[in-house]
Student: 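Pasting a structure here, questions to come.
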Amino acid sequence: MKIVATRFAPSPTGPLHIGGVRTALFNWLYSKNKGGKFYLRIEDTDKERSKEEFKNQIINSLKWIGINYEDIEYIQSDKIDEHINVANELLKKGLAYKCYCSNAEIEEQKKRAKQKKIPYIYNRKWRDMSENDAPKEFNPVIRFKSKIDGKSILNDLVQGTVEIENNTIEDFVILRADGSPTYNLSASVDDHLMSMTHIIRGDDHKINTFKQIQIYEAMNWKVPSFAHIPLIHTIEGKKLSKRDNASTLDDYSKIGIMPDALRNYLLRLGWSFKDKEIFDLDESIRYFNLEGIGKSPSKLDVSRIYSMNEYYIKNIDENDLFNQLKTYCETFKEAIPDLAQIKIKNSLHFLKNKAKTLEDIYKNSKFLLNDDVKIKKEDKKLLDETAIKIIKLFIDDINKLSDFTRETLEPIINNIITNNKTNFKGVGQPLRICLTGSKFGPGIYDILCALGKDEVTKRLSQIR
RNA sequence: GGUCCCUUCGUCUAUCGGUUAGGACACAUGGUUUUCAUCCAUGAAAGAGGGGUUCGAUUCCCCUAGGGACCGCCA
């Protein structure tokens, strides 16, 4: 039994978006589930548009979400010579041919087809023409001699049996006029060279698959299994593209979405395992299969990403959460000062209760991060005479306290409430504003205890 | 226009001929929490339409409608 090998083969012509990440995830999970290998191959044969920065973005995205690939980094352009050799071999075998049609000629045919409203397909003009008739002025392209009669059948692992009439597939170009290989050639040669057993990719590749299978067969190579997964659609129902906003992993990491949460979300988008919603990493690998992939495209729902992230915030180990928060703050906000680290770590149990993202936790913990409290004008109005009076009473009361805990603070606040004929809000709100600079935030006892007696006294004393 | 694919609550989905069509997110209401949120409970919410096959169809088949992908010397 051959070991399962899958790959993710993006082209570095734009940032990797969330749909591509899901394709990578499915490939990775499938191979891990089978105890196989997973590779990354950078398809950079479009020299014009391929950029180093995109390649790095792709690699960083995979790293961030935890998809690790085999060490060997495949760069498609390294193998161009081998692609060309295969083209020449096909030529020699009579399974490919030189086509001397000019661009203008092809364009003209396309235009005519459009006018007549008939589908354009290259007319195979040079398929059987002699090279003696070839014009000398320009270089030919090499076209693959595609099957004309009958139909081809693809036993797709997701889509089932897909049939297509062979005459709808044209004699596609495998070598350009400048001698460089095209996608369908390069991809099949590379997949063969890399011994891929399963090719899992977006179903926008389905037609390519019929072309590529023909190359495999022409070369007498073993044809891998194919699985075409439905694309992810935008909320408008269109194919997700690089231009859509909130589509790269960076867009999510910068708002404080955690990799595991996004991985879990992406896994459940278009794939299911009974009613199970939460899959930790091990479970993802253990349960992943191709049978669970649905056939219809699914829409990206950001609110589910948030709620998944919220679930992870509330349920993962707090040390883990803290480390992720620390990295997040360093990267996107401000580094957490050493002194504040322990305070925040100890306060995580309540800070995270109000958070859907790491950014929310950061905002909730701002009052611990720096000690100068800025009070907004509108909030300042709430600090009227009675409020100030209550704060002063509170300072006096806690002064006597040796123990600064919820248990000792509760009676103090309750006393102030009764003595001043007010309610909890009447005490809690001014305290909160003075201590944190905000009307909203963690519970008042949580704030008090997290800051400690000295800091509370200090902050409250500045108010007048 | 041609080829191929898809169609269950708003969204992601469960159901492998017999269910009061289930769950999750979002939404609404109520409760807990002496703010906000969390949490808990409850509720509203779906088989595109039409034909078959069958004792019985969401499930199998066909047609229609709607949606999508592809149709490059891009990948």
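Labels below follow one simple rule: chain letters A, B, ... track the order of the sequence lines, proteins then strands, and each chain is numbered from 1. As the structure is a prediction and not an experimental result, all values here were calculated from the model. When reading the values below, keep in mind they use all heavy atoms of this one structure, side chains included, and skip hydrogens, waters and symmetry mates.
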Student: Contact class for N184(A) (heavy atom, under 4.0 Å): base, sugar-phosphate, or nothing?
Tutor: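 Counting heavy atoms under 4.0 Å across all strands, no contact is made by N184(A).
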Student: Do R432(A) and U35(B) have a side chain to base donor-acceptor pair shorter than 3.5 Å?
Tutor: yes
Student: Would you tell me if any nitrogen or oxygen in the side chain of S186(A) comes within less than 4.0 Å of OP1 or OP2 on A75(B)?
Tutor: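 Indeed not, no polar side-chain atom of S186(A) lies that close.
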Student: If pairing requires Watson-Crick or G-U wobble contacts with both distances under 3.5 Å, which nucleotide is the partner of G72(B)?
Tutor: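 Because no pair has both required distances under 3.5 Å, G72(B) counts as unpaired.
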Student: Taking A21(B) as the reference, what is the distance to G47(B) when you measure between their C1' atoms (whole Å, please)?
Tutor: 8 Å
Student: Using the P atoms only, state how far G23(B) lies from U42(B), rounded to an integer number of Å.
Tutor: 10 Å
Student: Take atom P in G10(B) and the same atom in A44(B), then report the distance between them in whole Å.
Tutor: 15 Å
Student: Can you sort out the partners of R22(A) under side-chain hydrogen bond (donor to acceptor under 3.5 Å, both in side chains), two or more places apart, ordered by chain and number?
Tutor: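 Scan of R22(A) (side-chain hydrogen bond (donor to acceptor under 3.5 Å, both in side chains), adjacent residues dropped) gives none.
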Student: Nearest to the side chain of P297(A) - A37(B), U11(B), C6(B)?
Tutor: C6(B)
Student: Sort out the partner of A28(B) for me: Watson-Crick or G-U wobble, both distances under 3.5 Å, none otherwise.
Tutor: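 When the pairing criteria are applied, U42(B) turns out to be the nucleotide that pairs with A28(B).
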Student: State plainly whether the residues E170(A) and K211(A) are in salt-bridge range, i.e. N to O under 4.0 Å.
Tutor: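 Looking at K211(A) together with E170(A), the answer is no, because their closest N to O distance does not fall below 4.0 Å.
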Student: Of all the nucleotides listed (U34(B), G22(B), A75(B)), which has the minimum atom distance to the side chain of H205(A)?
Tutor: A75(B)
Student: Please check this pair: side chain of D251(A) against backbone of T248(A), looking for a donor-acceptor N/O pair closer than 3.5 Å.
Tutor: yes
Student: Would you classify V173(A) as touching base, sugar-phosphate or nothing, given that sugar-phosphate means primed atoms plus P, OP1 and OP2, and contacts are heavy atoms under 4.0 Å?
Tutor: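 V173(A): backbone/sugar contact only, no base atoms under 4.0 Å.
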Student: Looking only at the side chain of R406(A) (C-beta and beyond, no hydrogens), which of the listed nucleotides C70(B), U7(B), U34(B) gets closest?
Tutor: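 My answer, after comparing the listed nucleotides, is U34(B).
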Student: Taking only the C1' atom of each, what is the distance from G18(B) to U13(B) in whole angstrom?
Tutor: 22 Å
Student: Taking atom P in both A48(B) and U7(B), what distance in whole Å separates the two?
Tutor: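 So the two P atoms sit 9 Å from each other.
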Student: Once side chain to side chain contact (heavy atoms under 4.5 Å, CB included) is applied, do any residues pair with T168(A), and if so which ones, sequence neighbours excluded?
Tutor: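 Listed in chain order: I164(A), E165(A).
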